[in-house]
Amino acid sequence: MTTAISQEVTYLEAISQALDEEMSRDERVFLLGEDIGPYGGAFRVTEGFQKKFGDWRVLDTPLAESGFVGAAIGAAMMGMRPVVEMQFADFISCAFDQITEVAAKNHYRWGAAVPMVIRAPYGGGIHGGPFHSVCPEAWFFHTPGLKLVAPSTPYDAKGLLKAAIRDNNPVIYFEHKFLYRRAKEVLPEEDYIVPIGKADVKRTGRDISLITYGAMVPLALEAAEILEKEAIDLEVVDLRTLLPLDQEAILESVRKTSKVIVLHEATKTGGIGAEISALISEYCFDHLDGPILRIAAPDTPVPYSPPLEEFFLPKVDDVLRAARQLATY
Amino acid sequence: MTTAISQEVTYLEAISQALDEEMSRDERVFLLGEDIGPYGGAFRVTEGFQKKFGDWRVLDTPLAESGFVGAAIGAAMMGMRPVVEMQFADFISCAFDQITEVAAKNHYRWGAAVPMVIRAPYGGGIHGGPFHSVCPEAWFFHTPGLKLVAPSTPYDAKGLLKAAIRDNNPVIYFEHKFLYRRAKEVLPEEDYIVPIGKADVKRTGRDISLITYGAMVPLALEAAEILEKEAIDLEVVDLRTLLPLDQEAILESVRKTSKVIVLHEATKTGGIGAEISALISEYCFDHLDGPILRIAAPDTPVPYSPPLEEFFLPKVDDVLRAARQLATY
Amino acid sequence: MSMDIERRESPEDRRQPFSKVSKADYLQLYYYLFLTRTLEDRVTALYRQGRIVGGVYTSHGMEAISVGYAYALEAGDVIAPMHRDMGAFLIRGMKPKEILAQYLGKRTGPTKGKDANVHMGDLKRGIFAFVSHLADNLPLATGAALAFKIRGQSQVVVANTGDGGTSRGDFHEALNFAAVRKLPVVFFCCNNQYAYSTPLELQMGTPDVVDRAKAYGIPSEIIDGNDVAVVYVTAQRVIKHAREGHGPSFIECKTMRMHGHAEHDSAKYVPKELLEEWKRKDPILKVEHALKTMGYADESVLMEIQERVKKEIDTAVEFAEESPLPEGPETLEGVYAETLEEVHV
Amino acid sequence: MSMDIERRESPEDRRQPFSKVSKADYLQLYYYLFLTRTLEDRVTALYRQGRIVGGVYTSHGMEAISVGYAYALEAGDVIAPMHRDMGAFLIRGMKPKEILAQYLGKRTGPTKGKDANVHMGDLKRGIFAFVSHLADNLPLATGAALAFKIRGQSQVVVANTGDGGTSRGDFHEALNFAAVRKLPVVFFCCNNQYAYSTPLELQMGTPDVVDRAKAYGIPSEIIDGNDVAVVYVTAQRVIKHAREGHGPSFIECKTMRMHGHAEHDSAKYVPKELLEEWKRKDPILKVEHALKTMGYADESVLMEIQERVKKEIDTAVEFAEESPLPEGPETLEGVYAETLEEVHV
Ligand SMILES: Cc1ncc(C[n+]2csc(CCOP(=O)(O)OP(=O)(O)O)c2C)c(N)n1
Ligand SMILES: Cc1ncc(C[n+]2csc(CCOP(=O)(O)OP(=O)(O)O)c2C)c(N)n1
Ligand SMILES: [Mg+2]
Ligand SMILES: [Mg+2]
């Protein structure tokens, strides 16, 4: 897949590369958001972009999420392919109406496609507190017409962003802040995409299906290593796309293992894990050999202080405990 | 419970009564929203209120949902008990940020309570099309700090609204437009509340638990009548409160029947039904004698044209089919 | 609220607008005004007969605004309309039969029964569909204008809003963005003095909506929204301004909502005298008077146009009534745009 | 952008503000300015030592604004602050030790470790906690003012926003509502010429933020935000105006953000000359100069205050460092307010 001399690329660099390559490939692609121009974005994803692509393809906007998401929708309808940066995913709440009412329903209502991507840097583990840590994906999961993706590796980050930009629908791209500089790998030289709607088995296993996404994937793999020593063989399914869900991949894994853990960083009640669980018990009930366990954050805002946030976030131990429980079921 | 001479009260009148009685009882209660003053609201829930309670307790606001929800939050923090009317629940998307970021997190963050009610006239069946029919409850279901209620009868409508007004937390009160003039019953003379957080078994049954809420409750009861003739005994659990869910009531019913249908009008993926299903298979797996079936609208916006909307909405037939399937499982 | 159209300097074209409108254009404007009125009256009649299931919002008495601005646009331009812009739909090429099919929820309507009444859109005709959530269309208009600007095209966007819609945050965010980036977009506002039942003084702290535009440094004017020549000539001027790269304008059209908010609403909250005053300023009366005064048309010419319109609408109603309803399973179509199809120019 | 403070008529109190401030008040203002500066400098130092985990946003060089407006308020009044209002927290009674505990995520901070840095609130002291989502606090301010109005109380609310925050829809919706209902609320805006890295000209199409207020018919002024006497005396006047039932005002304070957006940001995008120009206008230098000129204080009096402040902060840091962190399970506390407890006056 890659040559030995290639360098490792971080998750964040993978995102930059995808943007850069797509902007070079397709002049309809342009970026807008807060402080993405000369500053290069709060996380420096678009550093140097304005110099390279010009002021009108990398636009610093006023501080107005609804306004600039709406502008992206309008531009998308005119045949552009805007990529919006939320400074933090938390602020997407300010653009909620434009996303759910306008972007999501537009094609259904009158056939006008909205090929737009919203990049949403999300997630905790960086001591951001209640307003800079949120995992808001479930807010949009109940809105037909949207696509949601949430990569866990640099490879997927790059390939999914390219696929999102080429998609003719509004896609929210959840990029996990915790992974930005922590996840690294060597990427292919050549152009590739990761198709939207396809999950990926990150670790094959026989005993238990662990279904997850985002920053929980490395955590799940870590747990799997430990459980291997206990002869519990975890299969780790990385959803990658949250909407539309890859139902077949989920069910296929469950049919094999008969036991399921669903894991996400977002709070439990009403999280995407609920849907996964419901799908399984609806379509795979006869294969189940135990309860479908969910591991998720407790139902609170994300607290700031380190001991609180540590308590809040799902941990390797939680996976171990659940897996051991299921193994003896 | 009531005397024979009492008159039947519609669901809509029950809401009016609750508002009227709470405003008379507690001068901190006041109303704000669009066209609720001299006009009495788009659905005439507050007809005559401004005359009775004065201009400053029944405020017509500018057309600005975020602004007036935010104002309600500020007033609530100062010890008032605002009741906000959304003209249609659909427009709550415009106030999403204030609800989820400010109202929901406020007490957790710094201990300031936000005793506020948002009345959200929701639901389809009135040919309102994509922007006047939505069932948006799941949008708020994943937000700790909110309470969500959704009555199905005039009795519950009145009692839950009173409880919501007396609650010290932000409560979204989902009132179903389809029930406004269709649901009728005689109400008690005396003051009562329906406690938030308590489900209600609207029909006791042995064979299958049907868990639902809102306008789907009468539909479920209708289906139960038909199924009775086929010797299928449906238990109809009306959740009434969606957040926090009455987990115990759900599990208790399932432990008895061992079979479950979850029914809601909202679209399926990411709906509240997913959480109910997940809870059951997490905590009640060993009692289950069949898959947990969900009946919900398909994953599309709400279409306008009558044949489309009819296709879209869950029907008695859907319940019959699911119940028969489970009965023979 | 008293109207004070003359408070600001009015350019020449506003004092004698008709002198700038050719006879052919004037007659065409009359045709569209009359077409709009007749079409909407027919929709109202159908509503009263219970043949339209959803709500009906008309531009009755306000037709000159959307007719005037739309007539000033060119083929590649785009409109982001509000809910009382029937004239603009017609001028942009939406056929009465399609519109009536839309109201009847037929498959032959532009949304194939998916959406209701004025929620029609068609990119090929440069029409963004109206979004119920008021002011949501305004950021979209800035985005379309931005696309033109990025691509170096000379097209222009016209967005329209009611007075009520200007209180929403999206109005603010859109106008600000348009101003900062000097986008080729013109904002019209139909100030019909009410938002549903709410009179202007409970909506804003200034007498004129145009005061809002000052916050953004956007040039603005108040005009008589009931005079189609005034609207048309003003629109021409500010659209040219935008087309030539000088950025957005804001035009407040003073007018009056002559029906209820929707056809179910008797609008008892509107003082009778106000309605009577505005009835005398009816845009169709105005244009008929002007046409006669200018010698552009006599009664028989007008009658001829009226007859033509009535026939057109009769045929359109027939088409709509005979059109098939969509079938249930069509509900499931169109949630997503095809991934591989290149849908845009 | 050139500052043009004198462009508008300036009332007497702005031309000779110091003549309206008593010696005792002036010294007290100095104390608070110095306390704010010292506290924030200490937080910055702790940040550089890696002892603060989240971000740090300071009001360095802008302290006169929050000190000035907060000093003009009375006990029952309420503030809805922005993220550079440390002076206001202190004047409203938040103790340095509590504030430092907050920064260190300690249980003794006002949010018990639940929220970070400037997100402190305390209803008993009339402080609404800042909400990160900029401008979200402005509608809240109108709501508090509405509560006062409904109850016939004479209290006033002061809300503050950055220049950047004024682009958001919630700004628009809040100011409009305040204007329509003539609510007792005063809006301050710290125009420090940048929103993060974005200069004013990419945020708005007018030179002054104050132009925004015209859209609502709210009386507005531009003042020198670096002169605490100007801010204080202006605040006194407009707060009185609001208290007496004459409705909202909008005050734009011209100032400059002298640090990066947060302490991680080197702010290379700000021209050096601009910073140098504004360094000469430092609010602490200004007040020291004024105090000496007026004969209110000599160097030794100032030194005494400075020493007092430094000790106060040292003790506060000690308290904060020694305070316990919250324990994991406290995460689960406080999502809901108790249902039966009556939490309000
Ligand atoms: C965000 C939002 N809130 C509420 C409504 C309900 N609503 C529909 S039209 C209307 C009044 C609109 O007033 P205006 O903008 O002046 O337009 P007009 O109907 O007077 O032409 C209201 C409140 C809506 N469509 N959108
Ligand atoms: C709604 C929202 N969008 C984005 C941000 C991220 N952000 C935090 S502060 C800031 C700039 C604020 O500028 P301004 O209001 O002028 O205040 P200043 O920091 O300059 O004092 C931005 C973009 C935010 N906090 N809220
Ligand atoms: Mg209006
Ligand atoms: Mg600023």
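To find a chain, count down the sequence lines: A is the first, B the second, and so on, and within it residues start at 1.
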For A:Asp97 and C:Arg168, what are the C-alpha separation, side-chain angles and deciding distance, and is it a side-chain contact (heavy atoms from CB on, under 4.5 Å)?
CA-CA 12 Å; A:Asp97 172 59; C:Arg168 270 208 61 229; 3.8 Å; yes
At what distance, to the nearest 0.5 angstrom, does OG1 of A:Thr100 lie from NE2 of C:His133?
7.0 Å
Quick one: what part of C:Lys112 sits under 4.5 Å from any heavy atom of chain A, side chain, backbone, both or neither?
neither
Mark yes or no for whether A:Tyr108, through its side chain, and C:Thr331, through its backbone, hold a donor-acceptor pair below 3.5 Å.
yes
From C:Ile150 CD1 over to A:Asp55 CG, what is the distance, rounded to the nearest 0.5 angstrom?
11.0 Å
Given heavy-atom pairs under 4.5 angstrom as the criterion, report whether the side chain, backbone, both or neither of C:Val78 touches chain A.
side chain
Go through the steps to decide whether C:Arg181 and A:Trp56 satisfy the test side-chain contact (heavy atoms from CB on, under 4.5 Å), and finish with yes or no.
CA-CA 10 Å; C:Arg181 293 289 178 170; A:Trp56 287 93; 3.9 Å; yes
Heavy-atom pairs under 4.5 Å with chain C, option from A:Pro82, A:Ala71, A:Pro170 with the top count:
A:Ala71
So which residue, C:Leu183, C:Asp170, C:Thr142, C:Asn176, ends up with the most heavy-atom pairs under 4.5 Å with chain A?
C:Asp170
Heavy-atom cut-off 4.5 Å, strictly under: side chain, backbone, both or neither for A:Leu59 against chain C?
both
Mind checking the NE2-NZ spacing from A:His107 to C:Lys114? Nearest 0.5 Å is all I need.
9.0 Å
For C:Glu173 against A:Gly67, the heavy-atom pair lying closest together:
OE1-N, 2.5 Å
Using a 4.5 Å cut-off on heavy atoms from C-beta on, say whether the side chain of A:Thr61 contacts that of C:Phe177.
yes
Looking at C:Glu333, C:Met120, C:His172, C:Lys149, which has the largest count of heavy-atom pairs under 4.5 Å with chain A?
C:Lys149
Does atom CD of C:Glu327 have more than 12 heavy-atom neighbours from other groups under 6.0 Å away?
no
How many angstroms lie between CG in A:Asn106 and CG in C:Leu140, if you round to the nearest 0.5 Å?
7.0 Å
Could you report the tightest heavy-atom contact between C:Phe128 and A:Trp110, atom names first, then the distance?
CA-CH2, 3.7 Å
Begin with the C-alpha distance, continue with both residues' side-chain angles, and end with the deciding distance and a verdict on side-chain contact (heavy atoms from CB on, under 4.5 Å) for C:Arg151 and A:Met78.
CA-CA 11 Å; C:Arg151 298 193 296 227; A:Met78 298 314 294; 3.9 Å; yes
Scanning both residues in full, the closest heavy-atom pair of A:Asn169 with C:Ala337 reads OD1-N, 2.7 Å
Part of A:Glu27 lying under 4.5 Å from any heavy atom of chain C
neither
Of all heavy-atom pairs linking C:Asp136 and A:Gln98, the shortest is O-NE2, 3.0 Å
Heavy-atom pair count under 4.5 Å with chain A, highest-scoring of C:Gly109, C:Ala144, C:Ala147:
C:Ala144
Turns out that what part of C:Ile127 lies under 4.5 Å from chain A's heavy atoms comes down to backbone
Side chain, backbone, both or neither: which part of C:His119 has a non-hydrogen atom closer than 4.5 Å to chain A?
both
Residue part contacting chain A, namely of C:Ala129, when any heavy atom lies under 4.5 Å:
both
Among C:Leu146, C:Val335, C:Asp122, residue most engaged with chain A (heavy-atom pairs, under 4.5 Å):
C:Val335
Would A:Asn168 and C:Tyr336 count as a side-chain contact (heavy atoms from CB on, under 4.5 Å) here? Give the steps.
CA-CA 8 Å; A:Asn168 280 332; C:Tyr336 292 108; over 6 Å; no
Let me know if C:Phe148 has heavy atoms under 4.5 Å from chain A in its side chain, its backbone, both or neither.
side chain
